[in-house]
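I have placed the structure first, in the form of structure tokens, so that the comments after it can refer back to it.
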There are 2 protein chains.
Amino acid sequence: MRKRRNGGRPTIADVAQRAGVSSITVSRALRDPERVSPQLRQQIEEAVRELEYVPDQHARALASARTDVIGVIIPSFTNNVFADVLRGIYDGLAQTPYQVQLGNSRYSPIEEERLLATFLSQRPAALIVAGIDQTERGRALLAAAGCPVVQVMDLGDDPVDMMVGFSHRASGHAVTSHLLEAGYRRIGFLGARMDPRTQRRLEGYRAALAEAGLYDPARITTTPASSSVSLGRDLLRDLLARMPDTDAVFCNNDDLALGALFECQRALLAVPASMGIAGFNDLEMMAAACPSLTSVRTPRYEIGSRAVQMARAAIAGRRPAERVVDTGFALQIRESTKRPETVRPQPMGALYNNA
Amino acid sequence: MRKRRNGGRPTIADVAQRAGVSSITVSRALRDPERVSPQLRQQIEEAVRELEYVPDQHARALASARTDVIGVIIPSFTNNVFADVLRGIYDGLAQTPYQVQLGNSRYSPIEEERLLATFLSQRPAALIVAGIDQTERGRALLAAAGCPVVQVMDLGDDPVDMMVGFSHRASGHAVTSHLLEAGYRRIGFLGARMDPRTQRRLEGYRAALAEAGLYDPARITTTPASSSVSLGRDLLRDLLARMPDTDAVFCNNDDLALGALFECQRALLAVPASMGIAGFNDLEMMAAACPSLTSVRTPRYEIGSRAVQMARAAIAGRRPAERVVDTGFALQIRESTKRPETVRPQPMGALYNNA
DNA sequence: GAGGGTCATGTCAGCGCTATCATGGCGAAA
DNA sequence: TTTCGCCATGATAGCGCTGACATGACCCTC
């Protein structure tokens, strides 16, 4: 008896023998049941069940030069934003043979390039990457990938292949315009990490204020450090130390906005009367905060599932007509930017008593 | 010329030809350089570089019946807790040939079992799974996996193989004891999703209160819904409607605690004077909140990297002596449970003015 | 009824790599 | 010098599966 290296698991040949057919017929019955007569199909299914046969992915990949792996590269695990995209992707792939190969670029284009090279060496069925700011070589790798590629979470003019996202510049512009309409005039910007998408939101902010003749670069407070709630507090404190008359802040993301709110509470600065606060992404907590926080709802889950949908269509040879999908975004206006008619800073009572 | 199915990529035979050796020597040079003479090794390395040769993972896996894939199963992508564990795992695997195959069980033991079966069909090098509450069949699959298995984030008596985590019961007990020591007497419990780890924290809460003769099941408020900040608000509101004299809450996790804080702010209930709040996991925002929130620091990143370390040691045949590692946890006492000496509910001024 | 088309199934030869055993050279021990 | 064993390297035979082509049965058309 031949030695088995695969731990005694049955092979396609075992199934074939048991079903009384050749192994290629079993192979066909598993991949494309239509091409096998109902009679044999049934025999084969039975044999598969009896032997608990599971195809060997590696052998399949080697023989067919194709895999059922979809590579996904995101810049952060910790950022809830990508967790939602990921959920969309995984949910879109449930009940399919596809598997996800997940990479974390840590917001580094170099690391992204490295991951891309690694992933491509496995000839994935498709690739989903966050952002449109690959390195030149990264773009070249993607272009030569030989599989569908979907860039997600951003929008640009020249997709490598397909694209699903929204305009960060437009969303930054929309939030800032909203703050202006709410009556705020000395609007600051809090930004962390300053990745390309953040930069584009900042551009939108800048443009909206410039159009209103109210742009003042001194109100922009950023840091390369990665975003956090504490950082939101620190950044707002810095900003107020430099520009005490600032009456609102557009926070680059929701963590910073929450931190800014906490800082206002600590400094006894009334929100929204003396300070308007807007965040970005509209994480679940924004609606629950007190006061509730204005933000921009970004369709993260939808972007993930849509990307999968497009990728699968492309794999199946039905490339969608629309290669670039703009999912849009939605301003969620809440208490934190509902400025009372009379604009005048108001002192507040103490919020709580702790010694 | 032979047709190439792999897209024209060079194979090990190409490298061998270029280096003037046989392909098995190239194979050895790549896997175990020590076994090849320095002379040939150098020639081979050069050929690899010139051809940009990248080994085919599938062919390697098929021929050797081994892979460089480490399967990881977590119950949620959205929960920040697992994001940190994941970071620990990925960081521990950086600069190694290992790759992660990530599965999301969505807190369903059935789904976990399914994932386990799928992953095992690929003969992973190791498996890291969250929790110790597998189904019976899941446990059997793990036991028969034929690879190192690390259960993480919890602690139990009979590891399938290895285990890294801490006692949820003990941590629940510790938090509750702290609330008692701080002077709170009518302590509630807010819990969402109620997965097994949450249940054990609840047990700890129950035990601590029972020991103090203060246990009242009516103060336990739970829901099978998944955790969120809004839910924290809802649960606290429910609890206070039923048991208005509740003077503190142990929240099953930090999202709920934050929601509870917001609810107190909305209801003008002073924290920590009239209501103590403690969370669980000590996410970054807890220290930044206003008032800052007491929580239990859980070493999530460390658990991830430690699990990888143990798995790699086991793969290399050096199974660690300690199969079960208790990482412990640390109570982080902050403003939200620092009750003033005089215990008496205090009214507060309005926090903010929004019309 | 010959020719041609379609369909279900089979044969065969790899995919790119590694396990296994074989080989030859060389130094140490006898 | 002879013998042995060790080491570096090579030849060979698959790993489990699928692509490409072959085969034969059957049906339709003129």
Side-chain angles (χ1 to χ4, degrees), chain A residues 1-44 47-48 51-69 97 121-123 125, chain B residues 1-44 47-48 51-69 97 121-123 125:
Chain A
M1 177 165 144
R2 195 162 69 239
K3 191 182 339 175
R4 303 205 98 131
R5 290 203 294 214
N6 72 346
R9 272 166 52 201
T11 71
I12 203 170
D14 298 323
V15 177
Q17 192 181 5
R18 183 156 197 133
V21 299
S22 72
S23 41
I24 189 70
T25 303
V26 175
S27 174
R28 284 199 270 257
L30 292 173
R31 286 178 297 156
D32 192 359
E34 300 298 304
R35 301 206 330 185
V36 173
S37 68
Q39 157 77 16
L40 289 189
R41 201 188 307 164
Q42 195 183 331
Q43 282 168 237
I44 291 168
V48 165
L51 295 174
E52 295 191 349
Y53 170 71
V54 181
D56 183 310
Q57 298 293 333
H58 302 297
R60 173 173 282 183
L62 181 58
S64 69
R66 288 185 297 100
T67 66
D68 287 343
V69 171
S121 82
Q122 293 166 67
R123 329 217 99 242
Chain B
M1 178 164 143
R2 194 161 71 237
K3 191 181 340 176
R4 304 204 97 130
R5 290 204 294 216
N6 72 346
R9 270 165 53 202
T11 70
I12 203 169
D14 298 324
V15 177
Q17 192 180 6
R18 183 155 198 135
V21 298
S22 71
S23 42
I24 188 68
T25 303
V26 175
S27 174
R28 283 198 271 257
L30 293 173
R31 287 177 297 155
D32 192 0
E34 299 298 305
R35 300 204 334 185
V36 173
S37 69
Q39 157 79 15
L40 289 189
R41 203 189 305 165
Q42 194 182 331
Q43 283 168 234
I44 291 168
V48 165
L51 295 173
E52 296 191 350
Y53 169 73
V54 181
D56 183 310
Q57 298 294 332
H58 302 297
R60 173 173 281 183
L62 181 58
S64 69
R66 289 184 297 99
T67 66
D68 287 343
V69 171
S121 83
Q122 294 166 66
R123 331 215 99 243

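These values consider heavy atoms only, across backbone and side chains, with no hydrogens, waters or symmetry-generated copies. In what follows, every chain begins at residue 1, and chains take the letters A, B, ... in the order their sequences are listed.
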- Query: Side-chain contact, heavy-atom cut-off 4.5 Å: B/R41 with B/I44?
  - Reply: no
- Counting just side-chain N and O atoms, does B/R31 come under 4.0 Å of either OP1 or OP2 of C/dA19? yes
- Under 4.0 Å: is that the gap between some side-chain N or O of B/S37 and OP1 or OP2 of D/dT9? yes
- Item | Between P of D/dG10 and CD of B/Q43, the distance in whole Å | 10 Å
- Task: Using a 4.5 Å cut-off on heavy atoms from C-beta on, say whether the side chain of B/L62 contacts that of B/H58.
- Result: no
- Spacing of B/L62 atom CG relative to D/dG16 atom P, expressed in whole Å: 7 Å
- Does the side chain of B/S22 get closer than 4.0 angstrom to OP1 or OP2 of D/dG10 through an N or O atom? yes
- Message: Output the rounded distance in Å from CD (A/Q122) to P (C/dC17).
- Response: 13 Å
- Query: When you check the phosphate oxygens OP1 and OP2 of C/dG16, does a side-chain N or O of B/R60 lie under 4.0 Å from one of them?
  - Reply: no
- Query: Could you give the distance from OG1 (B/T25) to CD (B/Q43), rounded to the nearest 0.5 Å?
  - Reply: 10.5 Å
- Message: Whole angstroms only, please: what is the CD-P distance between A/Q17 and D/dG16?
- Response: 14 Å
- Give the rounded distance in Å between these two atoms: CD of B/Q57 and P of C/dG16. 14 Å
- Donor-acceptor contact below 3.5 Å, side chain B/T67 vs main chain B/R123: yes
- Message: Any base atoms under 4.0 Å from B/R28, or only sugar-phosphate, or nothing? Heavy atoms, all strands.
- Response: base
- Item | Whole-Å gap separating P (D/dT18) and NE2 (B/H58) | 13 Å
- Note on the structure: Result for 5'-nearest mapping on DNA chain D, choosing between B/I24 and A/P55, is B/I24
- N/O donor-acceptor pair under 3.5 Å between A/D56 side chain and A/A59 backbone: yes
- Can you find a side chain N or O atom of A/R35 that sits less than 4.0 Å from OP1 or OP2 on C/dT6? no
- Query: With a 4.0 Å cut-off on heavy atoms, is A/R66 in touch with a base, just the backbone sugar-phosphate, or nothing at all?
  - Reply: sugar-phosphate
- Separation of D/dG16 atom P from B/D56 atom CG, nearest Å, is 17 Å
- Task: Using only side-chain N and O atoms of B/T25, determine if any of them is under 4.0 Å from OP1 or OP2 of D/dG10.
- Result: yes
- Message: What is the distance, to the nearest angstrom, from the CD1 atom on A/I44 to the P atom on D/dC17?
- Response: 13 Å
